[in-house]
Every structure is written in C-alpha cells, then in structure tokens.
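One structure is given here, and the rest of the page talks about it.
Quick caveat, the model's predicted, so the values are computed rather than measured.
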Amino acid sequence: MESNETAGYETKRNVKDSVFTKLFSDKKYLLQLYRALHPEDTVSTEDDLKTITLEPIFVKDIANDLGFSVKDKLFILVEAQSTVSVNIIIRSFMYLARTYQEYLEETKQNLYGSKPVKIPKPELYVIYSCDVKTDKNTITLSEEFFGGEKTAIEVSVNVITEKNGSGIIEQYIIFTKVLDMQKKIYGNTEKAVRKAIQICKNENILREFLEEHEKEVFSIMISLYSQEKIYEMFEREAQERGRAEGRAEGRAEGKAEGRAEGITEGIAEGKEAVVIEMIKDNFEPTAIQRLTKISLERINEIKAYLTNKPQLLNDQT
C-alpha cells in the first residue's frame, strides 16, 4: 500500500503511494474509518485524531500504511493488503514497536526510570481486498507461528474483509475489487482505471472522495499499473538471461542488425522499454511523459519509430 525510479533491472514498488493512504490522509475519511471500527464512539471528532503513520527516512526504513491515535489514549495501526500472509502479524508488531519508540521520544518519557511510562492502548488491523478463505476475525502470533504455544509475547491482528467490513472500509474493499475486475477486462490501461472510477461513482462507492480527487486517484492507479508492467518486463528479461548462452547471443546479434542509430540504444534501457509497453497499451504521450519523466519529444520519436518497425514492439512482449 509504502519509488518509481529504476536502477538497472531493479525497481521498488511504492506501495505507500496508494489510494488507501490518499483516502485516509483526509481527517474527514479517517474519522469515518475510526467509527467503522468503533461505532460505539459517537463523540470523537476529527480534532481527536492524530496521524502517526511511520514515515521512512531511508530507503530500507520500515513504513506502515496507516497509523493514528485517538485522544492520545488509543493507537490504531491499519494495513491494507491485496494478498493474504500471516507475516502481517510480524510486520504489525514491528510497526507498533517503532510507533511506541517515536511516541516515547516525542513525549520525553524515561523508559529506564522506575515509574511506568504512559502509552496508548494498541489495536492492530489488516484489511484484505482479496478473497479470503478463512473466517477468522483475528490472527495471533502464537497460533500462526507457534502452534498455539504461549511465548514471551503475543500479537493479535484483527482481520477485516468484505464479509465483515462496514462503512468506508467496505467501500474501499469494493473499490479495489472493481479496479481488479476492470483490469482483467481492459488490462493495465487508462480505460480500465477510468471505467472503475466511473462505476464506483455511479454505485456510490467512495463517490465523494472520487469526485474530489479523481485526477489524483487516476494518476496513482496508472502509476501503480505502470510499476506492475515494469515488474513483468524485468521478469521476462530475467528469464531470457537464464536461457542458453548461445541462443541469447544469437538473438542479440540478430536484433543488432535491425537497430537504427540512436533510437534503439534508448529502447534497450529500462525506462524506454516501459514507454514501448505503454504505447502498445494506447497510453496518451502526455500520460507516458508524466509517469516516466521522459520528454514528449523522445516519446513521440519512439512512437514514430515503432510505427515503422513493429517487429521491435513484438520483441518486447
């Protein structure tokens, strides 16, 4: 949910730059999420909520999807996941430990003193937007990792799915499923994103949020789809590199004969290979420029070249 830059054939998916984090960065919707989790609390307001999401300073720093406190008495950490993994228990524990560390530093409490420090009560949640086979509403460290045996610590994570989600949480889950459905129909394309947004607005799914931030949501989803495309390309290239050396060299020589000066050297690079994929999926040049940071002149140059050399486009698929 936790850049778009590539280095060689490595890329890091910026899962934090997501619709989920965008949605709940707004206190208005954050309050709706809190009330979906705690419907009994009808008096807390936006002013009672404080965002405490971990922000990474370095690339390898841990960073969670969402953390917020309620009246400085309750810490709620929420992860949004599209795949099921019990490792979310360990990650949530790490996020909570770091959150407490930052809280103690911020409040200048002495962890080594004789008096007990004062910390908010924690609650951990995972929201699954995928189909979940288990009916468990809670997963624990002892059950999932130690066969139920008690250990020095226990961690409990509340599981929220479409079955038990409510309010804005249920709407978010449905929104992600509509996106996935349109992606299956239209692929990683602008059309898939636009169709999903329109369907959700028509069905009153996150309608107010989408009307307020449609352009931003569109850019976020296109960016994430583009990153998926990068991953697919890198996987294909890794497979190619693993094949017989002679065949790989022969293919490289064959391609070299048909390359035009300047254009094809750029196509061999990671980012411009993504441009080819996006051109194939009929992305507008302006959208490609915005997501890849490659100049419009270069994008149009590649597009014109591919029109005359369609075999190169086929080689990238």
Side-chain angles (χ1 to χ4, degrees), residues 1-4 10-24 33 36-37 51-69 74-103 119-165 169-170 172-173 175-177 179-180 183 220 223-225 227-228 230-232 234-235 238:
M1 188 320 234
E2 315 268 327
S3 86
N4 297 340
E10 296 180 359
T11 185
K12 184 176 184 294
R13 189 191 302 259
N14 188 2
V15 296
K16 301 305 171 189
D17 185 18
S18 65
V19 173
F20 181 84
T21 54
K22 176 63 182 177
L23 174 63
F24 296 115
L33 181 146
L37 299 175
T51 300
I52 55 171
T53 306
L54 299 172
E55 297 293 341
I57 299 175
F58 302 105
V59 173
K60 292 186 178 181
D61 276 0
I62 64 172
N64 57 341
D65 285 341
L66 175 65
F68 64 98
S69 64
L74 178 65
F75 275 175
I76 296 180
L77 306 187
V78 186
E79 293 299 298
Q81 301 292 303
S82 58
T83 57
V84 176
S85 172
V86 294
N87 292 328
I88 192 64
I89 301 172
I90 306 295
R91 300 209 313 271
S92 295
F93 170 67
M94 295 172 64
Y95 301 148
L96 179 61
R98 178 65 68 85
T99 301
Y100 273 143
Q101 180 183 8
E102 292 191 355
Y103 177 77
I119 56 175
K121 183 178 72 173
E123 289 183 1
L124 306 176
Y125 295 87
V126 57
I127 298 175
Y128 283 124
S129 58
C130 57
D131 292 327
V132 180
K133 295 181 180 180
T134 181
D135 290 327
K136 291 182 180 179
N137 290 328
T138 305
I139 51 177
T140 65
L141 184 70
S142 59
E143 288 291 337
E144 300 297 338
F145 291 89
F146 303 110
E149 180 183 353
K150 291 184 178 180
T151 64
I153 60 172
E154 179 63 296
V155 182
S156 178
V157 179
N158 299 295
V159 178
I160 302 178
T161 66
E162 190 175 5
K163 293 180 181 178
N164 63 348
I169 298 176
E170 181 183 22
Y172 169 76
I173 294 173
F175 170 77
T176 59
K177 289 192 171 185
L179 276 169
D180 288 341
K183 178 182 171 183
I220 288 170
S223 180
L224 291 176
Y225 281 5
Q227 290 178 52
E228 288 182 10
I230 293 172
Y231 270 93
E232 292 170 1
F234 289 163
E235 287 173 0

Query raised in the report: Between Asp131 and Lys177, is a side chain to side chain contact (heavy atoms under 4.5 Å, CB included) present by the stated rule, with each step listed?
Result: CA-CA 9 Å; Asp131 292 327; Lys177 289 192 171 185; 3.0 Å; yes
Report task. Not counting sequence neighbours, which residues clear ring pair (Phe, Tyr, Trp, His ring centres under 6.0 Å) with Phe24? List them please. Result ->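 For Phe24, the residues satisfying ring pair (Phe, Tyr, Trp, His ring centres under 6.0 Å) (neighbours in sequence not counted) are Phe20.
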Report task. Could you list the residues that satisfy ring pair (Phe, Tyr, Trp, His ring centres under 6.0 Å) with Tyr103, not counting sequence neighbours? Result ->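 Partners of Tyr103 under the ring pair (Phe, Tyr, Trp, His ring centres under 6.0 Å) test: Phe75.
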[X] (side chain) donor-acceptor with [Y] (main chain) under 3.5 angstrom:
{"X": "Tyr95", "Y": "Thr53", "answer": "no"}
{"X": "Glu154", "Y": "Ser142", "answer": "yes"}
{"X": "Asn164", "Y": "Val159", "answer": "yes"}
{"X": "Asn158", "Y": "Thr138", "answer": "no"}
{"X": "Glu79", "Y": "Asp65", "answer": "yes"}

For a 4.5 angstrom cut-off between non-hydrogen side-chain atoms, does [X] reach [Y]?
{"X": "Phe68", "Y": "Leu33", "answer": "yes"}
{"X": "Tyr125", "Y": "Ser92", "answer": "no"}
{"X": "Phe145", "Y": "Asn87", "answer": "yes"}
{"X": "Val19", "Y": "Thr176", "answer": "no"}
{"X": "Tyr128", "Y": "Ile88", "answer": "yes"}
{"X": "Lys133", "Y": "Val84", "answer": "no"}
{"X": "Glu162", "Y": "Ile173", "answer": "yes"}
{"X": "Thr140", "Y": "Ile89", "answer": "no"}

[atom2] on [Y] to [atom1] on [X], rounded to 0.5 Å:
{"X": "Asn137", "Y": "Asp135", "atom1": "CG", "atom2": "CG", "answer": "8.0 Å"}
{"X": "Lys121", "Y": "Ile76", "atom1": "NZ", "atom2": "CD1", "answer": "9.0 Å"}
{"X": "Ile119", "Y": "Ser69", "atom1": "CD1", "atom2": "OG", "answer": "13.5 Å"}
{"X": "Arg91", "Y": "Leu77", "atom1": "CZ", "atom2": "CG", "answer": "12.5 Å"}
{"X": "Leu66", "Y": "Leu23", "atom1": "CG", "atom2": "CG", "answer": "9.5 Å"}
{"X": "Glu123", "Y": "Leu37", "atom1": "CD", "atom2": "CG", "answer": "7.5 Å"}

Report summary line: For Ser82 and Cys130, the nearest pair of non-hydrogen atoms, with its separation, is O-CB, 3.1 Å
Report summary line: Closest heavy-atom pair, Tyr100 versus Pro122, reported as atoms and distance to 0.1 Å, is OH-CD, 3.3 Å
Requested in this report: Start with the C-alpha distance between Ile52 and Glu102, add both sets of side-chain angles, then the distance that settles side chain to side chain contact (heavy atoms under 4.5 Å, CB included), and finish with yes or no.
Outcome: CA-CA 9 Å; Ile52 55 171; Glu102 292 191 355; over 6 Å; no
